Amino acid sequence: MADSFQEFRDILQTGNLPADTSQFSEACQRRLLEALAAVGTPDAPKKGDIAALVRHLLRREDELQGGMPQTIKVPRTSSFPNREIWRQSGINILGEGSDYYLISADPWQPNWLDFSEQYHPDNPVFKEETRREYVDVAGDPFLELVDWKKYRSVGQREAIRAVLTAPESATLVINLPTGSGKSLCAQLPALLRSQNAGVSVIVVPTTALALDQERALKPFVNHATAYYGDESGEGQQRRKEICDRIRDGTQRIVFTSPESLMSSLAPAIYEAAQSEMLKYFVIDEAHIVEQWGDEFRPEFQELPGLRRDLLRLTSFTTLLLTATLTESCLDTLETLFGKPGPFQVISAVQLRPEPSYWFALCESEEIRKERLIEAVYHLPRPLIVYATKRQDVRRWKQDLLRAGFKRCAIMTGESSSLERSQLIEDFRERRVDIVVATSAFGLGVDQSDVRAVIHACIPETIDRFYQEVGRGGRDGKAAISLTLHTTEDLEIAKYLNKNSAITIERGLERWDSMFFKKTILPDRRFRVPVNIPPSLQLADIDMKSKKNQEWNICTLTLMSQAGLIEMDADEPPLRKNFESNDAYQKDWKLYRESRFIRIRDESHLNAQTWEHKVEPIRKQRQNRSYKNLELMREALRPKRCISEILAEAYTIPTRAIPEPRKQVIVSRACGGCPICRKNRDSLFAGIMPAPISVWQNPKLFVGKELERLLAGDKLMLIFYESMEEKSWKRKSPQVFQWLREQGIRNLVVSREFYSTLIKEPNLIPDAFLFLFEKYQPILMPRIPTLIFHPPGKAIPHNYLSLNRTSQAPLIIVLPVDTPDPSRDDRKLIDIFSGKSFMFDHFCREVSL
């Protein structure tokens, strides 16, 4: 594949643009060629766009050539930048002719960024330094289902094993960093458990992400899996076919938004649950459930009620996936999804090493504007500019347009689903270089090569800041985070932070209004409307907006956390049960504008109850939110490495009550921050921590034949002689089949045997494999286990302990001459008093 810089020189001089840009391996080359191809069309780039893209090309080539400045001739025509625009882009004109400029690009080192002369902010991003590389780990046989041999990370391996051993109706929070393979933790178990029949629902925040997931699974599921709103004839047919497959058990997996799941998809999901075909209920980006602000999605807070109602019909596992889990978020998820069934968290938190962090206090809005325009001229494409307020987003878009940047788009909470999908597609297809957005942009956006994220604001929490910075460097390569802030921004952040939680007076007012209009259902549930104003006062009487409905839902969530109510749901109305479409639409409107709840505290309307039960929860959330803002303020003028600040935000302490909770430890990383530059500290990336098994009582199965052989014991030894090796090789497929049928899932084997099992995954397709030399029982799921103990190795004494913490059976296959671990002068077979067999005897006993 050609990516010759000389070839590019020729193209710019001749103007002969290639029709096919795929031959160029560098994304910046393809982006520039595609932009130039649009010259003369309605989508033509402006001169600032071209200048920045040429700068990207030059600076990338500089870094590829070890920092040696490269030159290129560009046309001196009306469609290309003039001398002043080249200068603004940090480009030198080294020579010129009547029809060309000979140019080179300087590294960017603005005097308003501390230490920019010693540490050029743009060098690592144009060099595309690799800063994150997860270490692959040994796989399990069932990875063959998605054509994998190894796990992408140790966190992914332990998460998938935890999913596959989850007890009945359990909820598992999976907290893994970006790029570690979080999506497969839901997709692989879903495919495994639907090989005969079944469906798993995976709720994603955007249609674009649903389509991305569908494309990724296309080799393994040959029909549509993304369910989204599309009122074209083709779109309606697509949705109908998905619903039909869900009902007959052949859909396997469906990706959808919470809005679609709570509306048109719900009837089919209820039917799947009634026929016991619902396997997994998954929420991707689960931290959205707690979030408030421009990106608030009330339907995410309705999902717990829907889950609870579906669990009345069948058992399934709930998975909550996130890369940014705070203590406050975990508390909310536990409140909403913790019952029924056990609730656990599996974490392998490693901070992102890709971003370098730069902060600049701007004395005025005008100075910030100058610096933002300068940064946009100099930084690589694609890039994102974040603002807090929607009007600021629109203003920045106009400022960029006036500065010469047309390949720019905006997204706010007001953007429609169609506008969002179109923007994400344009961003992915390199038709847009710059996105200016509120925090509404980010979730479900998996653009891997974003190199720069600029904040023209102060986010109200360090969590929002880190999530938005996390849009950059998702491919593991260096990215830059630049924050341009003013003193006024801090006041805006404080206001937003303070107003993220409803007061108990206003909350009780809203609840009183909703409960007054309740409908009593026969099974002790209530239907309450969420589209009514909080009071009949003049200021409230017309409050029937979407924002008012969101505040009502937020009130119900707060009450649920305080234990006053329990969120619930009900099966949606079905068209077949109504005589007319008008009657159906009327009932459907009532369904969508209502919520179903159960009362847990009969004094729920009492102001004192709200003072004693709701206020502590509200204050706790507010205090955590305030702490989150304080960490954001510290990041702006730090006294310690930003990795310490972020680690404090995402470390979750141990807890003893109401339910025990293990500590979530954060592995620190820093790609460059003000303190590290001041102290001349090196960049560093932490190692992903290895999670341990989370289920004390996992889902396990023990076959009747194995129970008969054990006769109440939990340990059985099977001895073999060297002469039995041929017998073993001949009978091993049958032995494995028997073991599988009897519930054995953990296999501890030698490296040689491991290779055999990986090559023949059908021998025991759903097993977890462990290498004998790395065998650590504490890291293994507590399920039926088989250990192949190799010759010449002493057996640890604790293998034989009758006080093993796991109640699952353990079978050890070992040489007949294995010594007693307590005394070398005698054999284990001679003194072991528990259940034991010789290999051939065992085979006869189980009719093999």
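For clarity, every value in this text was computed on a predicted model and none was experimentally measured.
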| request: Assess whether side chain to side chain donor-acceptor pair (under 3.5 Å) is satisfied between Asp582 and Ser580, documenting all intermediate values. | output: CA-CA 5 Å; Asp582 286 347; Ser580 70; 5.4 Å; no
| query | Quick one: NE2 on His287 to OG1 on Thr324, what's the gap to the nearest 0.5 Å? | reply | 4.0 Å
| task | Assess the side chains of Thr332 and Gln561: does a donor N or O sit below 3.5 Å from an acceptor N or O? | result | yes
| message | Contact between Phe516 and Ile532 at the side-chain level, heavy atoms closer than 4.5 Å - yes or no? | response | no
| said: Looking at Asp568 and Arg312, is there a salt bridge between them, counting it only when a charged N and a carboxylate O are closer than 4.0 Å? | reply: yes
| Going by the angle between their ring planes, with limits at 30° and 60°, are Phe281 and Phe316 parallel, tilted or perpendicular? | tilted
| message | Show, in sequence, the C-alpha distance, side-chain angles and deciding distance for Leu320 and Ile174, and conclude whether the side chain to side chain contact (heavy atoms under 4.5 Å, CB included) test is met. | response | CA-CA 6 Å; Leu320 308 174; Ile174 298 176; over 6 Å; no
| task | Would you confirm whether Thr785, through its side chain, and Ile783, through its main-chain N or O, come within 3.5 Å as a donor-acceptor pair? | result | yes
| request: Would you mind telling me which of Leu176, Leu164, Leu319, Ile346 makes a side-chain contact (heavy atoms from CB on, under 4.5 Å) with Cys185? | output: Leu176
| Does a side chain donor of either Ser315 or Glu168 reach within less than 3.5 Å of an acceptor in the other side chain? | yes
| message | Show, in sequence, the C-alpha distance, side-chain angles and deciding distance for Ile617 and Lys613, and conclude whether the side chain to side chain contact (heavy atoms under 4.5 Å, CB included) test is met. | response | CA-CA 7 Å; Ile617 299 294; Lys613 287 195 170 184; over 6 Å; no
| request: Not counting sequence neighbours, which residues clear side-chain contact (heavy atoms from CB on, under 4.5 Å) with Leu145? List them please. | output: Leu188, Leu191, Leu192, Gln195
| Test item: side-chain donor near acceptor, Ser603 and Asp601, under 3.5 Å | yes
| query | Does the distance from a Lys or Arg side-chain N to an Asp or Glu carboxylate O, for Glu425 and Arg428, drop under 4.0 Å? | reply | no
| With a cut-off of 6.0 Å (strictly less than), are more than 12 heavy atoms of other residues, nucleotides or ligands near CG of Asn697? | no
| Can you find a heavy atom in the side chain of Thr335 that is under 4.5 Å from one in the side chain of Phe343? | no
| message | Hydrogens and angles aside, do Gln156 and Ser180 bring a side-chain donor and acceptor to less than 3.5 Å of each other? | response | no
| field | Phe526 and Ile599, any side-chain heavy atoms less than 4.5 Å apart | value | yes
| query | Hey, are Glu593 and Lys589 close enough for a salt bridge, meaning a charged N less than 4.0 Å from a carboxylate O? | reply | yes
| Asp284: partners by salt bridge (charged side-chain N to carboxylate O under 4.0 Å, His left out), with sequence neighbours left out | none
| Is it true that the side chains of Ser263 and Arg592 contain a donor and an acceptor less than 3.5 Å apart? | no
| field | Reported OG-to-CE distance for the pair Ser560 and Met567, which is rounded to 0.5 angstrom | value | 6.5 Å
| field | Glu414 and Arg420 ion-paired at < 4.0 Å | value | no
| task | Decide side chain to side chain contact (heavy atoms under 4.5 Å, CB included) for Gln422 and Glu419; before the verdict, give the C-alpha distance in whole Å, the side-chain angles of both, and the deciding distance to 0.1 Å. | result | CA-CA 5 Å; Gln422 186 62 54; Glu419 288 170 332; 5.8 Å; no
| request: Please answer whether the main-chain N or O of Ile553 pairs with a side-chain N or O of Thr557 as donor and acceptor at a distance below 3.5 Å. | output: yes
| field | Side-chain (Arg661) to main-chain (Ile652) donor-acceptor, under 3.5 angstrom | value | no
| note | Note: Pro304 and Leu336 closest approach over all heavy atoms is CB-O, 3.3 Å
| message | Can you confirm whether the side chains of Tyr227 and Ser257 place a donor and an acceptor under 3.5 Å from each other? | response | no
| remark: Scanning both residues in full, the closest heavy-atom pair of Lys182 with Thr322 reads CD-O, 3.4 Å
| task | Could you tell me whether the side chain of Ser200 and the main chain of Tyr280 form a donor-acceptor pair under 3.5 Å? | result | yes
| Under a 4.0 Å N-O cut-off, is there an ion pair linking Asp140 with Lys150? | no
| request: For the pair Trp695 (side chain) and Pro781 (backbone), establish whether a donor and an acceptor sit closer than 3.5 Å, ignoring hydrogens and angles. | output: no
| task | Looking only at non-hydrogen atoms, find the nearest pair between Gln742 and Glu705 and report the distance. | result | OE1-N, 3.2 Å
| Does a sphere of radius 6.0 Å around CG in Asn196 hold more than 12 heavy atoms from other residues, nucleotides or ligands, not counting ones at 6.0 Å or beyond? | no
| query | Are the side chain of Arg157 and the backbone N or O of Ser153 linked by a donor-acceptor pair below 3.5 Å? | reply | no
| message | Do Val694 and Leu172 have side chains that approach each other closer than 4.5 Å (heavy atoms only, starting at C-beta)? | response | yes
| With Leu261, which of Ile283, Ile269, Ile202 fulfils side-chain contact (heavy atoms from CB on, under 4.5 Å)? | Ile269
| message | To check you understand the geometry: which heavy-atom pair defines the closest contact between Phe578 and Pro573, and what is its length? | response | CE1-CB, 3.7 Å
| field | Distance (rounded to the nearest 0.5 Å) between Glu571 CD and Tyr270 OH | value | 6.5 Å
| task | Starting at CG of Leu217, measure out to CG of Asp212 and round the result to the nearest 0.5 Å. | result | 11.5 Å
| request: Decide yes or no for Leu321 and Glu285: does some side-chain heavy atom of the first lie under 4.5 Å from some side-chain heavy atom of the second? | output: no
| With Trp511, which of Asn552, Ile565, Val614, Leu564 fulfils side-chain contact (heavy atoms from CB on, under 4.5 Å)? | Ile565
| Salt-bridge criterion met for Lys240 and Asp244 (N-O under 4.0 Å) | yes
| said: Assess, by modelled atom type and distance only, whether the side chains of Thr225 and Arg252 contain a donor and an acceptor separated by less than 3.5 Å. | reply: no
| task | Could you tell me which non-hydrogen atom of Thr206 sits nearest to which non-hydrogen atom of Leu209, and how far apart they are? | result | OG1-N, 3.1 Å
| Given the rule in the salt bridge (charged side-chain N to carboxylate O under 4.0 Å, His left out) test, do Glu214 and Arg238 qualify, once you have shown the distances and angles that lead to the verdict? | CA-CA 13 Å; Glu214 179 180 79; Arg238 174 192 180 92; 2.4 Å; yes
| Quick one: OG on Ser275 to CG on Leu313, what's the gap to the nearest 0.5 Å? | 10.0 Å
| Any Tyr228 side-chain heavy atom under 4.5 Å of Thr256 side chain | no
| query | What class does the angle between the rings of Phe596 and Tyr591 fall in, given that below 30° is parallel, 30 to 60° is tilted and above 60° is perpendicular? | reply | tilted
| message | Looking at Lys339 and Glu566, is there a salt bridge between them, counting it only when a charged N and a carboxylate O are closer than 4.0 Å? | response | no
| message | Please give me the minimum heavy-atom distance between Arg782 and Ala808, naming the atom from each residue. | response | O-CB, 3.7 Å
| field | Reported CZ-to-NZ distance for the pair Arg525 and Lys518, which is rounded to 0.5 angstrom | value | 16.0 Å
| message | In the structure I gave you, are the side-chain heavy atoms of Ser347 and Lys662 within less than 4.5 Å of one another anywhere? | response | no
| query | Are Arg161 and Thr165 side-chain neighbours, meaning at least one heavy-atom pair lies under 4.5 Å? | reply | no
